[in-house]
Amino acid sequence: METMKSTTSYIIGLGEALWDVLPDGKKLGGAPANFAYHAGQFGNKTLAVSALGEDKLAEETLAALDEKELEYIMPQVPYPTGTVQVVLDDEGVPTYDIRENVAWDNIPLTDEMLAVARNARAVCWGSLAQRNVVSRDTIQQFVKATPKDCLRIFDINLRQTFYTKEIIQESLRLCNILKINDEELVSIGRMFGYPGLDIENKCWLILGKYDLDILVLTCGVNGSYVFTPGTMSFQETPKVEVADTVGAGDSFTGAFCSAILKGKSVCEAHRTAVEVSAYVCTQNGAMPKLPEKYLDKVQPCG
């Protein structure tokens, strides 16, 4: 199995593996697994990379991943498997209470991970799983081992106080695609000393300063933007009946990444990502099955 993994070109979600404990029960979550699951629905070989505890929840995690037919590399470590208490407001928007010093804070860098990294087509990671030095070093070494043409997606995902300017700057230097939302952009603008600039100029500044290929800015109901050197795409957010927004951003990233890798234009990829994430908002949980009409939009060009 290990040999096959090391020679396959995967799209990889890297970072936290956890359970979202929602009002109606617990569901497997964590941005990396969500991202990998959605990218996998578009016919890609995908992989979730994290760490689990040596507990019953770890067994449940592996069973849930197997049920979703999602491949993984998740060594077991002597820390509890991650959990997050999720509270939803009247609009279905979540707030999170994230347990600390758990398995995904302590992801060991294994030979199997490095072998997979060397063949990666795309890798997506965030700031949350870098809050502990062990996982931070693993994530950074993993990303550095990916090929030059790999899509390196930093989905910034600021949570509570689990980030620093240094961690964000290092990931901005490592990535070629940044995904950020409007609230996070305000935080970054404050942290990096970009006062007085409007959101578009902040995005152009970050795109140029860190030599990014693509910057994706999502603004909730106010639409989303994709910036590339010299061009900008804007899409309105579809009006839908929201069940909850958990995992919607990860589905956006998974769909966008898949479309770009299949040769779609930035504008086409953006449109598909918006439609997919709007659909996920109408479903409960982070990993609903996507209807064929969305999957058909990300077929190879030509």
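Throughout, numbering of the chain's residues begins at 1 and tracks the sequence.
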Any [X] side-chain heavy atom under 4.5 Å of [Y] side chain:
X: Ile188; Y: Ile180; value: yes
X: Val280; Y: His38; value: yes
X: Val116; Y: Ile12; value: yes
X: Leu185; Y: Cys203; value: yes
X: Phe192; Y: Lys209; value: no
X: Leu215; Y: Tyr210; value: no
X: Pro108; Y: Val77; value: yes
X: Ile11; Y: Phe35; value: yes

Discussion item. Using the side-chain hydrogen bond (donor to acceptor under 3.5 Å, both in side chains) definition, which of the options Glu60, Glu59, Glu54 pairs with Lys56?
Written reply: Glu60
Item to complete: For Arg99 and Val102, run side-chain contact (heavy atoms from CB on, under 4.5 Å): C-alpha distance rounded to whole Å, both residues' side-chain angles, the deciding distance at 0.1 Å, then the answer.
Response: CA-CA 7 Å; Arg99 188 171 174 188; Val102 291; 3.8 Å; yes
Discussion item. Does Cys175 form a side-chain contact (heavy atoms from CB on, under 4.5 Å) with Leu212? I'd like the steps, not just the answer.
Written reply: CA-CA 7 Å; Cys175 75; Leu212 304 177; 3.6 Å; yes
Which value, rounded to the nearest 0.5 Å, describes the distance between [X] atom [atom1] and [Y] atom [atom2]?
X: Asn181; Y: Asp155; atom1: CG; atom2: CG; value: 9.0 Å
X: Ile206; Y: Asp211; atom1: CD1; atom2: CG; value: 14.0 Å
X: Leu114; Y: Phe142; atom1: CG; atom2: CZ; value: 8.0 Å
X: Asn176; Y: Asp213; atom1: CG; atom2: CG; value: 5.0 Å
X: Gln41; Y: Leu70; atom1: CD; atom2: CG; value: 10.5 Å
X: Met113; Y: Leu14; atom1: CE; atom2: CG; value: 8.0 Å

Have [X] and [Y] got a donor and an acceptor in their side chains that come within less than 3.5 Å?
X: Asp66; Y: Tyr72; answer: yes
X: Asp105; Y: Asn132; answer: no
X: Gln130; Y: Ser127; answer: no
X: Ser135; Y: Trp104; answer: no
X: Thr146; Y: Arg152; answer: yes
X: Ser258; Y: Asn44; answer: yes
X: Thr81; Y: Trp19; answer: no
X: Thr228; Y: Thr231; answer: yes

[X] side chain vs [Y] backbone, donor-acceptor pair below 3.5 Å:
X: Lys264; Y: His270; value: no
X: Thr237; Y: Gly220; value: yes
X: Thr272; Y: Ala269; value: no
X: Thr46; Y: Ala36; value: yes
X: Glu236; Y: Gly223; value: no
X: Gln141; Y: Arg136; value: no

Do [X] and [Y] belong together in a cluster built from hydrophobic side chains that touch within less than 4.5 Å?
X: Ile199; Y: Leu205; result: yes
X: Leu128; Y: Val246; result: yes
X: Tyr194; Y: Phe154; result: yes
X: Met191; Y: Leu158; result: yes

Fill in: Lys/Arg-Asp/Glu bridge criterion (N-O < 4.0 Å) met for Lys297, Glu268
no
Worksheet item: Does Arg271 come within less than 4.0 Å of Glu275, counting only side-chain N to carboxylate O?
Response: no
[X] and [Y]: which non-hydrogen atoms are nearest, and at how many Å?
X: Cys281; Y: Val240; answer: CB-CG2, 4.4 Å
X: Val93; Y: Thr245; answer: CA-OG1, 3.8 Å
X: Ser251; Y: Ala248; answer: OG-O, 2.7 Å
X: Gly30; Y: Leu18; answer: N-CD1, 3.4 Å
X: Ala103; Y: Gly53; answer: CB-N, 3.4 Å
X: Gly15; Y: Ile139; answer: CA-CD1, 4.4 Å

Fill in: Residue Gln169 excluded, over 12 heavy atoms near CD under 6.0 Å
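Yes, the 6.0 Å shell around CD holds more than 12 heavy atoms from other groups.
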Worksheet item: Heavy-atom count around Lys239 NZ within 6.0 Å, excluding the residue itself: above 12?
Response: no
Worksheet item: Checking Lys68 against Tyr37: charged group under 6.0 Å from the ring centre and within 45 degrees of the axis?
Response: yes
Practice prompt. Please work out which of the three classes, parallel, tilted or perpendicular, describes the rings of Phe227 and Tyr225, given edges at 30° and 60°.
Written response: parallel
Worksheet item: Would Leu151 and Arg121 count as a side-chain contact (heavy atoms from CB on, under 4.5 Å) if you check the C-alpha gap in whole Å, the side-chain angles of each, and the deciding distance to 0.1 Å?
Response: CA-CA 6 Å; Leu151 298 185; Arg121 299 177 68 209; over 6 Å; no
